[in-house]
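A short worksheet on the structure shown next.
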Amino acid sequence: MATVEPADTHQYALDRDCTTLSRHVLQQFQSFSPEAQDISAIMNRLALAGKLISRRLSRAGLMDNALGFTGEVNVQGESVKKMDVYANEVFISVFKQSGLVCRLASEEMEKPYYIPENCPIGRYTLLYDPIDGSSNVDINLNVGSIFSIRQQEGDDLDGEARDLLQHGRKQIAAGYILYGPSTVLVYSIGRGVHSFILDPSLGEFILVQENIQIPEHGPVYSVNEGNYWQWEESFREYIRYVHRHEGYTSRYSGALVGDFHRILLQGGVFLYPGTTKKPEGKLRLLYETAPLAFLIEQAGGKASTGTQTLLDVVPEKLHARTPLVIGSQEDVKLVESFIDDWMRREAEMPASLKS
Ligand code: FBP
């Protein structure tokens, strides 16, 4: 005999299934203002990009020419994956004829890409990392896309995008898409952090969690310990501390988005310190670390370079890099305390003894 769901459960499931991303953004703005409509429409296009990339990733192993390297090297000096190129083009394509985004800046492009037909009215710039965790693509491990929306300031006629060289509090919205066992989209417009799961049967991102708050502390520390000898002594001391103390466990997936998502939900800290080779770190500020810092502060967490609040960092160039320490308040402050101690001891040490 068929069970009839009680009315309220039925209504709840229906309400939830109908809380799509674009509807949720309008609810967040509590208005149908031009800005609310624009951001809702932009998020909808980002959702489409996520669906296209998710579909490609799920089939890539069955397709010719979807995996592997292109043979090219990008502006970062990194070998480019075919999936990087596909995903980068997807983000550009979904915004064509939208009248929304005039300029797109990406990890895969030295200079921003302009959509001329959008520029007269398009008031926004999209900054994005089309495939974060590229080293995971060919081995079917989790990867992500990271995005950030900023106001278009000025005409940027020389294409140098100087108006983008501003601190992270200028972001209007930020988020990421995690391509894992299910495809998850997490975003914020500065009014809390909310997550959606792609329901393939509906082809819609459906709301699953609102106003996510990161725990004050978590057991996870996430870092590539293979760089240990390239770090400053302060980070080495922190890692020796967590090795010697109960209650800590190491998790590192090779994809920032995946590691960040774990820490957002379970607490802990992710670190990518500067190294002797790259004192400024590996991760890019405008489309990797600043968007995640925007989210973590909205979720009650903390993000820093180790010595400066990450959202206050002003980049010198479009592809500027920063060291990153991000996660639960207590855990980020613990890492920072090791850096403070070390810098104080260095300052007090006679010059002849300095390392
Ligand atoms: P990509 O955007 O090019 O993938 O680079 C970023 C990244 O892959 C992060 O996702 C990840 O946390 C980090 O680099 C891994 O770097 P490493 O291999 O040096 O640990």
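Counting starts at 1 for both ligands and their atoms, in listed order.
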With atoms numbered from 1 as shown, which atoms in ligand 1 lie under 4.0 angstrom from a non-hydrogen atom of Glu78? 3 (O)

Mark up the atoms of ligand 1 that fall under 4.0 Å of a heavy atom belonging to Asp129, in ascending order. 2 (O)

Just checking Asn140: does its CG atom have more than 12 heavy atoms from other residues, nucleotides or ligands closer to it than 6.0 angstrom? no

Please say whether more than 12 non-hydrogen atoms of neighbouring residues, nucleotides or ligands are located less than 6.0 Å from CD in Glu160. yes

Side chain proximity check, Ile39 to Tyr124, heavy atoms < 4.5 angstrom: yes

Looking at Asn224, which atoms of ligand 1 are within less than 4.0 Å of one of its heavy atoms? 17 (P), 19 (O), 20 (O)

Nearest protein heavy atom with distance in Å, relative to atom 19 (O) of ligand 1: Tyr272 OH, 2.6 Å

If we number the atoms of ligand 1 from 1 as shown, the ones under 4.0 Å from a heavy atom of Glu288 are 2 (O), 5 (O), 6 (C)

Please check if any side-chain donor atom of His243 sits under 3.5 Å from a side-chain acceptor atom of Glu225, or the reverse. yes

Would you kindly specify which portion of Phe270 sits under 4.0 Å from ligand 1, judged on non-hydrogen atoms: side chain, backbone, both or neither? side chain

Presence of salt bridge, Lys317 and Glu280, under 4.0 angstrom: no

Shortest non-hydrogen contact from Pro323 toward Pro279: CG-O, 3.9 Å

Could you establish whether Ile131 and ligand 1 come within less than 4.0 Å of each other, counting only heavy atoms on the residue side? yes

Report the nearest protein non-hydrogen atom to atom 3 (O) of ligand 1: residue, atom name, distance rounded to 0.1 Å. Glu107 OE2, 3.0 Å

Numbering the atoms of ligand 1 from 1, which are under 4.0 Å from a heavy atom of Leu256? 9 (C), 10 (O), 11 (C), 12 (O)

Which one holds for Asp132 and ligand 1: side chain close, backbone close, both close, or neither close, with close meaning a heavy atom under 4.0 Å? both

Decide, yes or no, whether a salt bridge links Glu233 with Arg236 under the criterion of side-chain N to carboxylate O below 4.0 Å. yes

I'd like to check which ligand 1 atoms, numbered from 1 as shown, lie under 4.0 Å from a non-hydrogen atom of Tyr252. 12 (O), 13 (C), 15 (C), 16 (O), 17 (P), 20 (O)

In the protein, which heavy atom is nearest to atom 18 (O) of ligand 1, and how far is it? Lys282 NZ, 3.9 Å

Checking heavy atoms under 4.0 Å, the part of Asp259 that sits near ligand 1 is neither

Which residue in the set Phe260, Phe196, Phe147 passes ring-ring contact (aromatic ring centres under 6.0 Å, His included) when paired with Tyr176? Phe260

Answer side chain, backbone, both or neither: which part of Lys278 comes under 4.0 Å from ligand 1, heavy atoms only. neither

Is it the case that ligand 1 has an N or O less than 3.5 angstrom from some N or O of Ser135? no

Looking at every heavy atom in both Gln298 and Arg191, which two are closest together, and how far apart are they? OE1-N, 3.3 Å

Please state which option from Gly281, Gly254, Gly133 has its nearest heavy atom closest to atom 4 (O) of ligand 1. Gly133

Quick note on ligand 1: atoms under 4.0 Å from a heavy atom of Arg284 include exactly 1 (P), 2 (O), 3 (O), 5 (O), 6 (C)

Are Phe29 and Leu100 linked, directly or through intermediate hydrophobic residues, by side-chain heavy-atom contacts shorter than 4.5 Å (ILVMFWY only)? yes

Logged contact type for Gln76 with ligand 1, heavy-atom cut-off 4.0 Å, is neither

N-O pairing of Arg169 and Glu297 below 4.0 Å: yes

